[in-house]
K.L.:
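Sharing a structure with you now.
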Amino acid sequence: GILGLNGAGKSTLLKVISGVYKPTEGKVIRHGKVVPLLELGAGFDQQYTGKENIFLYGTVLGYTKGYLEEKYDEIVEFSELGKFIDVPIKNYSSGMKSKLGFSIATNPDILILDEVLSVGDAKFRKKSEAKIMQLMEGGTTVLFVSHSLAQVRRICDRAMILDHGTLKAIGGIDEISNQYEAMIE
């Protein structure tokens with residue numbers, strides 16, 4: 001879990017790790033397939049339907065057309081967008097876009113989530129959290145940013161606190177959560 005107030009550098013850090021930005025110092029070494037879900041709808045073509053965006057965004061994430069065809073029904077079912085899948089996503093709510101993006105990220109080694117579970121309904125958030133836990137049990141590393149400390153506590157076993165681009169603390173979730181709570185009081 002990555003915690004910090006607005007402007008702490010959380011999203012920037014995730015963009016550097018995912019390769020969207022180049023680091024100004026040092027280097028990032030990634031081992032495995034990285035799937036970043038950074039900004040709601042990033043990588044989607046607003047004119048395309050949900051179905052077309054599954055293939056477009058899936059390709060951007062490095063999945064083959066054959067893999068996406070094989071997983072298509074599973075992606076649509078998980079997204080809960082069945083009757084809307086042929087609608088251009090410019091007509092989707094932010095929650096619908098989040099559902100679609102999260103559903104496409106099916107099998108990463110490293111999953112990067114930046115506030116993507118902060119929109120949408122409670123039922124889908126709960127289902128998504130369960131999927132994250134399943135991925136983690138299968139060996140996926142999850143880097144997770146959320147302004148919901150309760151959500152970070154539920155999902156993460158380790159966390160860090162950033163403050164204006166500086167690492168302030170890193171450790172077990174309980175210790176770091178307590179430090180973060182003290183910061184925001």
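This structure is a prediction, so every number in the text was calculated from the model and none was measured.
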K.L.:
Between the side chain of Tyr92 and the main-chain N/O of Phe84, is any donor-acceptor distance below 3.5 Å?
P.N.:
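A pair under 3.5 Å: yes.
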K.L.:
Which is it for Ser11 and Asp114 under the side chain to side chain donor-acceptor pair (under 3.5 Å) test, yes or no, and what are the steps along the way?
P.N.:
CA-CA 7 Å; Ser11 295; Asp114 189 359; 2.5 Å; yes
K.L.:
For Ser79 and Leu81, indicate whether the former's side chain and the latter's backbone hold a donor-acceptor pair under 3.5 Å.
P.N.:
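Yes, Ser79 side chain to Leu81 backbone: donor-acceptor pair under 3.5 Å.
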K.L.:
If we ignore hydrogens and angles and just use 3.5 Å, is the side chain of Asp86 paired with the main-chain N or O of Thr49 as donor and acceptor?
P.N.:
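Such a contact is absent between Asp86 side chain and Thr49 backbone.
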K.L.:
Could you tell me which non-hydrogen atom of Lys33 sits nearest to which non-hydrogen atom of Asp109, and how far apart they are?
P.N.:
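Smallest heavy-atom distance, with atoms named: N-OD2, 2.6 Å.
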K.L.:
Could you check if a side-chain atom of Met183 sits within less than 4.5 angstrom of a side-chain atom of Ile161, using non-hydrogen atoms only?
P.N.:
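Side chain of Met183 against side chain of Ile161, heavy atoms only: contact under 4.5 Å found.
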K.L.:
Ignoring hydrogens, what is the shortest heavy-atom contact between Gly58 and Ile104? Give both atom names and the distance.
P.N.:
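Smallest heavy-atom distance, with atoms named: CA-CG2, 3.8 Å.
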K.L.:
Please tell me if the side chains of Tyr57 and Leu68 come closer than 4.5 Å, counting only heavy atoms from C-beta onward.
P.N.:
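They are not in side-chain contact.
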K.L.:
Nearest 0.5 Å, what's the CG-NE2 distance between Leu5 and His147?
P.N.:
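Going from the CG atom of Leu5 to the NE2 atom of His147 covers 7.5 Å.
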K.L.:
Heavy-atom distance under 4.5 Å between the side chains of Leu143 and Leu14, does that happen here?
P.N.:
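They are in contact (side-chain heavy atoms under 4.5 Å apart), so the answer is yes.
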K.L.:
In Å, rounded to the nearest 0.5 Å, how long is the span from CD1 of Ile85 to CD of Glu52?
P.N.:
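Separation between the atoms: 10.5 Å.
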K.L.:
Is the closest side-chain heavy-atom distance between Met136 and Ile155 below 4.5 Å?
P.N.:
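In short, these two side chains touch, coming nearer than 4.5 Å.
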K.L.:
Side chains of residues 23-30: which donor-acceptor partners sit under 3.5 Å, not counting sequence neighbours?
P.N.:
from	atom 1	to	atom 2	distance (Å)
Arg30	NH1	Ile17	O	2.9

K.L.:
Check step by step if side-chain contact (heavy atoms from CB on, under 4.5 Å) holds for Met160 and Leu167.
P.N.:
CA-CA 7 Å; Met160 62 191 288; Leu167 177 64; 3.3 Å; yes
K.L.:
Any chance you could measure Ile170, atom CD1, to Glu175, atom CD, to the nearest 0.5 Å?
P.N.:
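So the CD1 of Ile170 and the CD of Glu175 are separated by 10.0 Å.
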K.L.:
May I ask you to test the Phe102-Leu37 pair for a side-chain heavy-atom distance under 4.5 Å?
P.N.:
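Side chain of Phe102 against side chain of Leu37, heavy atoms only: contact under 4.5 Å found.
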K.L.:
Between Lys99 and Phe78, is a side-chain contact (heavy atoms from CB on, under 4.5 Å) present by the stated rule, with each step listed?
P.N.:
CA-CA 8 Å; Lys99 286 179 175 185; Phe78 190 87; over 6 Å; no
K.L.:
Give me the one residue out of Phe44, Tyr48, Tyr72 that meets side-chain contact (heavy atoms from CB on, under 4.5 Å) with Ile54.
P.N.:
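Result for side-chain contact (heavy atoms from CB on, under 4.5 Å) with Ile54: Tyr72.
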K.L.:
Does Glu77 CD have over 12 foreign heavy atoms under 6.0 Å away?
P.N.:
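Not buried by this count: 12 neighbours or fewer within 6.0 Å.
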K.L.:
Got Gln151 and Arg125 here, is their nearest side-chain heavy-atom distance under 4.5 Å?
P.N.:
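They are in side-chain contact.
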K.L.:
Looking at CD1 of Ile110 and CG of Leu135, how far apart are the two atoms once the value is rounded to the nearest 0.5 Å?
P.N.:
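With rounding to 0.5 Å, CD1 (Ile110) is 13.0 Å from CG (Leu135).
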K.L.:
Output yes when Lys71 and Glu74 qualify as a salt bridge under the 4.0 Å nitrogen-oxygen rule, no when they do not.
P.N.:
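The answer is yes: the pair qualifies as a salt bridge.
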K.L.:
Quick one: does Lys131's side chain get under 4.5 Å of Lys126's, heavy atoms only?
P.N.:
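With C-beta onward as the side chain, the pair stays apart.
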K.L.:
With heavy-atom distances below 4.5 Å as the criterion, would you say the side chains of Arg153 and Ser177 are in contact?
P.N.:
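Side-chain contact under 4.5 Å: yes.
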K.L.:
Are Leu56 and Met96 connected, step by step, through hydrophobic side chains (Ile, Leu, Val, Met, Phe, Trp, Tyr) whose heavy atoms are closer than 4.5 Å?
P.N.:
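Result: no, two separate clusters.
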K.L.:
Test side-chain contact (heavy atoms from CB on, under 4.5 Å) on Lys10 and Glu115; report intermediate values, then the result.
P.N.:
CA-CA 10 Å; Lys10 303 178 300 293; Glu115 291 290 340; 5.5 Å; no
K.L.:
Between Glu80 and Lys127, is there a side-chain N and carboxylate O pair less than 4.0 Å apart?
P.N.:
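Yes, this pair counts.
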K.L.:
For Ser103 and Phe124, which heavy atoms make the closest approach, and how far apart are they?
P.N.:
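Taking every non-hydrogen atom into account, OG-CZ, 4.2 Å.
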K.L.:
What heavy-atom pair brings Gly82 and Val76 nearest, and what distance separates the two atoms?
P.N.:
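Looks like CA-CG1, 4.0 Å.
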K.L.:
How many angstroms lie between CG in Asp73 and CD1 in Ile75, if you round to the nearest 0.5 Å?
P.N.:
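It comes to 9.5 Å.
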K.L.:
Not counting sequence neighbours, which residues clear ring-ring contact (aromatic ring centres under 6.0 Å, His included) with Tyr67? List them please.
P.N.:
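Listed in chain order: Tyr63.
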K.L.:
Between Thr12 and Gly9, is there a donor-acceptor pair closer than 3.5 Å when you use the side chain of the first and the backbone of the second?
P.N.:
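Pair absent, no side-chain N/O of Thr12 close to backbone of Gly9.
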K.L.:
Search all heavy atoms of Leu162 against all heavy atoms of Ala8 and return the closest pair with its distance.
P.N.:
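Scanning both residues, the minimum pair turns out to be O-CB, 3.3 Å.
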K.L.:
Is a donor on one side and an acceptor on the other found under 3.5 Å between the side chain of Thr140 and the backbone of Pro108?
P.N.:
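Checked: pair present.
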K.L.:
Can you measure from CD1 (Ile173) to SG (Cys156) and round to the nearest 0.5 angstrom?
P.N.:
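So the CD1 of Ile173 and the SG of Cys156 are separated by 5.5 Å.
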K.L.:
Ser146 and Leu3: which non-hydrogen atoms are nearest, and at how many Å?
P.N.:
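Closest approach of Ser146 to Leu3: O-CD2, 4.2 Å.
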K.L.:
Output, in order, the C-alpha distance, side-chain angles, deciding distance and verdict of side-chain contact (heavy atoms from CB on, under 4.5 Å) for Ile132 and Leu113.
P.N.:
CA-CA 10 Å; Ile132 292 168; Leu113 301 170; 3.4 Å; yes
